[in-house]
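In what follows, every chain begins at residue 1, and chains take the letters A, B, ... in the order their sequences are listed. Source: prediction; values computed, not measured.
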2 protein chains.
Amino acid sequence: MTNLDSTFAALSHETRRAILGKLASGETPLSDLAKPFNMSLTAVSKHVRVLSDAGLLTVERRGRTRHCRLNAQPMKQAADWLTDYQSFWSGQFDSLARHLAAKGDR
Amino acid sequence: MTNLDSTFAALSHETRRAILGKLASGETPLSDLAKPFNMSLTAVSKHVRVLSDAGLLTVERRGRTRHCRLNAQPMKQAADWLTDYQSFWSGQFDSLARHLAAKGDR
DNA sequence: AAGTTAATGAACCATATGGTTGACTATCCG
DNA sequence: CGGATAGTCAACCATATGGTTCATTAACTT
């Protein structure tokens with residue numbers, strides 16, 4: 001799996017995006033992250049692992065708690081990949097228009 | 001699965017991103033899409049289905065060929081979601097800096 | 001009519017994902 | 001020491017994913 005693969009895959013789950021949302025307001029212990037969710041701590045721990053593997057957060061062990069901190073760097077790569085397609089969604093130049101333009105080009 | 005879920009999931013595979021890349025240069029029949037890949041047409045057809053389900057492309061049947069066309073609209077939503085985090089990766093205000101700022105805030 | 005090409009469908013396989021529970025480890029608190 | 005809290009690990013389960021092959025349908029070509 002490439003970097004982009006794991007980044008997009010990690011972002012493809014609502015729970016994980018919510019975790020990142022929480023982390024945007026600052027470092028948070030895993031148990032606090034888990035509270036809003038109707039699932040076991042184990043399940044949240046697994047989601048955190050996926051995010052960690054994708055490099056979207058870092059975990060620091062401090063005493064018995066794990067402190068999670070957002071690392072948005074991989075998101076930049078994802079955003080960069082997406083912006084290559086910006087012209088296709090920016091209205092002014094949608095995919096149909098481009099299609100027609102390409103045909104008229106010949 | 002929400003819209004964002006399926007968009008990010010669809011983008012999490014190299015082959016599917018490559019398919020979208022190809023479509024950026026214009027409408028393409030499925031069989032042409034499949035050529036560069038070292039896998040069966042069936043496999044590519046499945047990837048196209050995933051992209052189609054996510055709304056990232058549309059398929060138009062024309063005679064015996066299926067013509068695929070890029071639809072970047074869902075990418076805009078994904079990009080919009082990501083830009084909420086832009087401040088975290090824009091160097092000027094990275095996650096560590098924000099973390100320290102939050103601590104100093106008190 | 002016969003053959004080729006485009007594509008899907010069905011069955012199968014291996015592995016990944018998302019969740020659970022129960023046992024265990026480690027740390028903190030009294 | 002004894003108990004509560006934070007978290008992982010292992011086993012298990014259901015379903016999804018990514019690929020294959022073989023058969024089949026549908027549409028062009030000659």
Side-chain angles (χ1 to χ4, degrees), chain A residues 1-23 26-70 74 78, chain B residues 1-23 26-70 74 78:
Chain A
M1 263 218 308
T2 69
N3 225 323
L4 266 184
D5 279 15
S6 59
T7 301
F8 280 129
L11 295 179
S12 75
H13 200 286
E14 170 67 30
T15 301
R16 289 192 290 261
R17 291 195 304 277
I19 288 174
L20 294 173
K22 186 98 169 208
L23 290 184
E27 181 190 282
T28 312
L30 206 157
S31 46
D32 283 9
L33 282 180
K35 276 173 192 156
F37 301 109
N38 187 25
M39 68 179 74
S40 67
L41 181 61
T42 303
V44 174
S45 177
K46 283 186 181 184
H47 283 302
V48 165
R49 167 60 80 105
V50 171
L51 290 164
S52 168
D53 285 350
L56 286 160
L57 58 76
T58 57
V59 181
E60 187 194 339
R61 183 175 169 163
R62 212 139 72 219
R64 64 184 157 167
T65 73
R66 268 63 170 178
H67 295 261
C68 302
R69 201 184 312 169
L70 180 64
Chain B
M1 263 217 309
T2 71
N3 226 324
L4 266 183
D5 279 15
S6 58
T7 301
F8 280 129
L11 295 179
S12 74
H13 200 286
E14 169 66 31
T15 301
R16 289 192 291 261
R17 290 195 304 277
I19 287 174
L20 294 173
K22 185 97 169 211
L23 291 184
E27 183 190 281
T28 312
L30 206 157
S31 47
D32 283 8
L33 281 180
K35 276 173 191 155
F37 301 107
N38 187 25
M39 68 181 74
S40 67
L41 181 61
T42 302
V44 173
S45 177
K46 284 186 180 183
H47 283 302
V48 165
R49 166 62 79 108
V50 171
L51 289 165
S52 167
D53 286 349
L56 285 159
L57 58 77
T58 56
V59 181
E60 187 193 341
R61 183 175 169 162
R62 211 139 73 219
R64 68 186 154 166
T65 72
R66 268 64 169 175
H67 296 260
C68 303
R69 201 184 314 169
L70 181 64

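- For the pair B/Val44 and B/Met39, the minimum side-chain heavy-atom distance is below 4.5 Å.
- Contact check for B/His67 versus B/Thr28: no side-chain heavy atoms found under the 4.5 Å cut-off.
- Atom CG in B/Asp32 sits roughly 12 Å away from atom C1' in C/dT5 (whole-Å rounding).
- OP1 or OP2 of D/dG7 has not a single side-chain nitrogen or oxygen of A/Ser45 nearer than 4.0 Å.
- At whole-Å resolution of the value, CZ in B/Arg66 and P in C/dA6 are 12 Å apart.
- Within the 4.5 Å cutoff, the side chain of A/Cys68 has heavy atoms near those of the A/Leu23 side chain.
- The phosphate of D/dG19 has neither OP1 nor OP2 within less than 4.0 Å of any side-chain N or O from B/Thr42.
- Contact annotation: B/Arg61 side-chain N/O to D/dA26 OP1/OP2 distance is not under 4.0 Å.
- Distance from the side chain of B/Met39 is smallest for D/dT20 among the nucleotides D/dA26, C/dG19, D/dT20.
- Distance, B/Leu41 CG to C/dT4 P: 18 Å, rounded to whole Å.
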Verdict with reasoning, A/Glu27 to A/Lys22, per salt bridge (Lys or Arg N to Asp or Glu O under 4.0 Å): CA-CA 9 Å; A/Glu27 181 190 282; A/Lys22 186 98 169 208; over 6 Å; no
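- Contact annotation for A/Thr15: no contact, since no heavy-atom pair falls under 4.0 Å across all strands.
- A straight line from CZ of B/Arg49 to C1' of C/dA10 spans 14 Å, rounded to a whole angstrom.
- Contact annotation: A/Arg16 side-chain N/O to C/dG18 OP1/OP2 distance is under 4.0 Å.
- At a threshold of 4.0 angstrom between heavy atoms, the contacts of A/Leu30 are confined to the sugar-phosphate backbone, with no base atom among them.
- Atom C1' of nucleotide C/dA16 and atom NE2 of B/His13 are separated by 12 Å, given to the nearest angstrom.
- Atom CD in A/Glu14 sits roughly 13 Å away from atom P in C/dG18 (whole-Å rounding).
- Considering only the side chain of A/Lys46, C/dT20 comes nearest among C/dT20, D/dG7, D/dG18.
- Checking C/dT20, D/dA6, C/dG18 against every side-chain atom of A/Ser31, the shortest atom distance belongs to D/dA6.
- A/Leu51 places its CG atom 13 Å from the P atom of C/dT17, with the value rounded to the nearest Å.
- When heavy atoms are screened at a 4.0 angstrom cut-off, B/Thr65 is found touching the sugar-phosphate backbone but no base atom.
- Comparing A/Arg64 and A/Ala43 by the nucleotide of DNA chain C that holds the closest heavy atom to each, the one mapping nearer the 5' end is A/Ala43.
- Taking all atoms of both residues into account, the shortest heavy-atom contact from B/Ser12 to B/Ala9 is OG-O, 2.7 Å.
- Put simply, CG on A/Leu33 is 13 Å from P on D/dA6, counting in whole angstrom units.
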